[in-house]
Amino acid sequence: SELARMKAGFDENSIANGVIPQSDQRFGYVATDGEKFIGCASGLACKNGDQFNGWWYLSDLFVEKEYRSQGIGANLLHRLEGKLLEHGVDKIFTWTAGYEALKFYIKQGYEIFAELVNWYSNGDSRIGLRKQLE
């Protein structure tokens with residue numbers, strides 16, 4: 001009940017400031033090899049009422065190690081980007097670790113917009129990336 005009241009309070013504050021309360025909708029794709037799961041990509045599109053606000057958060061992009069470097073991650077990402085454009089969403093952002101997929105995202109046309117230095121226990125940064133879809 002406390003969580004519901006908190007969310008209602010945030011919505012009340014938004015309305016008081018002339019802002020339509022936001023909700024989100026998840027989009028995603030799964031890659032399989034026969035019946036075997038090999039990867040997925042998903043995230044949330046924010047909505048102002050019934051209209052998407054133009055931004056999408058890529059929360060998950062994963063490909064099993066043995067299937068990496070075969071274009072599967074890029075294919076999942078491009079499918080999602082196409083789906084988003086169909087819904088009028090033309091901007092995407094995500095976070096990655098400095099030791100993970102930074103080069104992959106840059107190759108896909110993403111640009112760095114933020115870096116949180118020493119985020120991870122090994123000293124690597126958490127990096128924010130974004131892309132304008134066309």
Side-chain angles (χ1 to χ4, degrees):
S1 67
E2 292 88 357
L3 180 59
R5 176 61 204 131
M6 179 193 69
K7 289 181 178 181
F10 284 133
D11 287 350
E12 291 164 6
N13 188 55
S14 294
I15 292 167
N17 285 285
V19 175
I20 298 170
Q22 289 191 329
S23 63
D24 53 57
Q25 183 173 336
R26 183 167 288 278
F27 293 102
Y29 287 96
V30 173
T32 59
D33 184 0
E35 295 292 316
K36 181 180 180 183
F37 169 85
I38 61 172
C40 64
S42 70
L44 302 168
C46 290
K47 297 176 91 173
N48 297 323
D50 293 333
Q51 299 294 317
F52 291 105
N53 73 1
W55 281 96
W56 189 71
Y57 170 54
L58 175 65
S59 59
D60 310 289
L61 178 58
F62 175 78
V63 175
E64 293 284 1
K65 189 173 184 175
E66 66 196 79
Y67 290 91
R68 293 179 189 160
S69 299
Q70 298 177 32
I72 295 167
N75 185 282
L76 286 165
L77 190 56
H78 290 259
R79 283 177 178 253
L80 273 171
E81 291 174 355
K83 179 79 166 176
L84 295 172
L85 286 170
E86 290 174 15
H87 289 281
V89 177
D90 64 353
K91 293 175 282 297
I92 186 171
F93 73 100
T94 193
W95 291 92
T96 193
Y99 62 87
E100 284 184 331
L102 180 59
K103 290 179 184 177
F104 167 81
Y105 286 112
I106 290 173
K107 185 177 178 182
Q108 305 309 313
Y110 287 70
E111 62 181 25
I112 296 171
F113 73 85
E115 181 175 3
L116 305 174
V117 179
N118 294 318
W119 180 272
Y120 297 98
S121 62
N122 68 354
D124 276 328
S125 297
R126 182 168 171 92
I127 300 170
L129 297 131
R130 66 181 171 209
K131 181 179 179 180
Q132 176 71 45
L133 303 178
E134 299 176 9

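Heads up: numbering here begins at 1 and tracks the sequence. Nothing here was measured: the structure is a model prediction, and the numbers come from that model.
- Within a 6.0 Å radius of NZ in K7, other residues, nucleotides and ligands contribute 12 heavy atoms or fewer.
- In the hydrophobic cluster analysis, where Ile, Leu, Val, Met, Phe, Trp and Tyr join through side-chain heavy atoms closer than 4.5 angstrom, L3 is grouped together with F10.
- Contact of the F27 side chain with the V89 side chain is not registered, since no non-hydrogen atoms from C-beta on lie closer than 4.5 Å.
- In this structure, Y110 and L77 have side chains that are in contact, with non-hydrogen atoms separated by less than 4.5 Å.
- Note that CH2 of W95 and CD1 of I127 are 9.5 Å apart. Values are rounded to the nearest 0.5 Å.
- Using a 4.5 Å heavy-atom threshold, the side chains of D24 and Y57 count as separate.
- Residue pairs that meet the salt bridge (charged side-chain N to carboxylate O under 4.0 Å, His left out) test with at least one member in residues 31-59, sequence neighbours left out, are K36-E66.
- A distance of 8.5 Å separates OG1 in T94 from CG in D60, rounded to the nearest 0.5 Å.
- Judged as a side chain to side chain donor-acceptor pair (under 3.5 Å), the pairs with a partner in residues 125-134 (not counting sequence neighbours) are, in order, E81-K131, D90-Q132, E111-R130, E115-S125, Y120-R126.
- The nearest pair of heavy atoms linking A41 to L61 is CB-CD1, 3.5 Å.
- F104 has its side chain out of reach of V63: every pair of non-hydrogen atoms, C-beta onward, lies at least 4.5 Å apart.
- Applying the side-chain hydrogen bond (donor to acceptor under 3.5 Å, both in side chains) test to N48 and every residue at least two apart in sequence or in another chain returns Q22.
- Contact of the E64 side chain with the F62 side chain is registered, since non-hydrogen atoms from C-beta on lie closer than 4.5 Å.
- Side chain of S14 to main chain of P21: no donor-acceptor pair is present (N/O by atom type, distance under 3.5 Å, no hydrogens or angles).
- Taking hydrophobic clusters as Ile, Leu, Val, Met, Phe, Trp and Tyr residues chained together by side-chain heavy-atom distances below 4.5 Å, L116 shares a cluster with Y99.
- In this structure, A45 and W56 approach most closely via the heavy-atom pair N-CD1, 3.1 Å.
- Residues I106 and L76 share a single hydrophobic cluster, defined by chaining ILVMFWY side chains whose heavy atoms lie under 4.5 Å apart.
- S59 is linked by a side-chain hydrogen bond (donor to acceptor under 3.5 Å, both in side chains) to R26, counting only residues two or more places apart in sequence or in another chain.
- In this structure H87 satisfies the side-chain hydrogen bond (donor to acceptor under 3.5 Å, both in side chains) test with no other residue, sequence neighbours excluded.
- Using a 4.5 Å cut-off between side-chain heavy atoms of Ile, Leu, Val, Met, Phe, Trp and Tyr, with links allowed through other members, L133 and F52 fall into the same hydrophobic cluster.
- Ring pair F93/W55 is perpendicular by interplanar angle, where above 60° counts as perpendicular and below 30° as parallel.
- Pairing each heavy atom of A101 with each of T96, the nearest pair is N-OG1, 3.5 Å.
- N13 contributes no side-chain N or O that, together with a main-chain N or O of G9, makes up a donor-acceptor pair within less than 3.5 Å.
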Would you sort out whether L102 and I112 count as a side-chain contact (heavy atoms from CB on, under 4.5 Å), showing the intermediate values? CA-CA 9 Å; L102 180 59; I112 296 171; 4.0 Å; yes
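- Partners of N118 under the side-chain hydrogen bond (donor to acceptor under 3.5 Å, both in side chains) rule, at least two apart in sequence or in another chain, do not exist in this structure.
- Checking side-chain atoms of N122 against main-chain N and O of D124 turns up a donor-acceptor pair under 3.5 Å.
- Residue E86 qualifies as enclosed at atom CD: its count of foreign heavy atoms under 6.0 Å is above 12.
- Using a 4.5 Å heavy-atom threshold, the side chains of I72 and I38 count as touching.
- Note: the hydrophobic cluster containing Y105 also contains Y29 (ILVMFWY, side chain heavy atoms under 4.5 Å, direct or indirect links).
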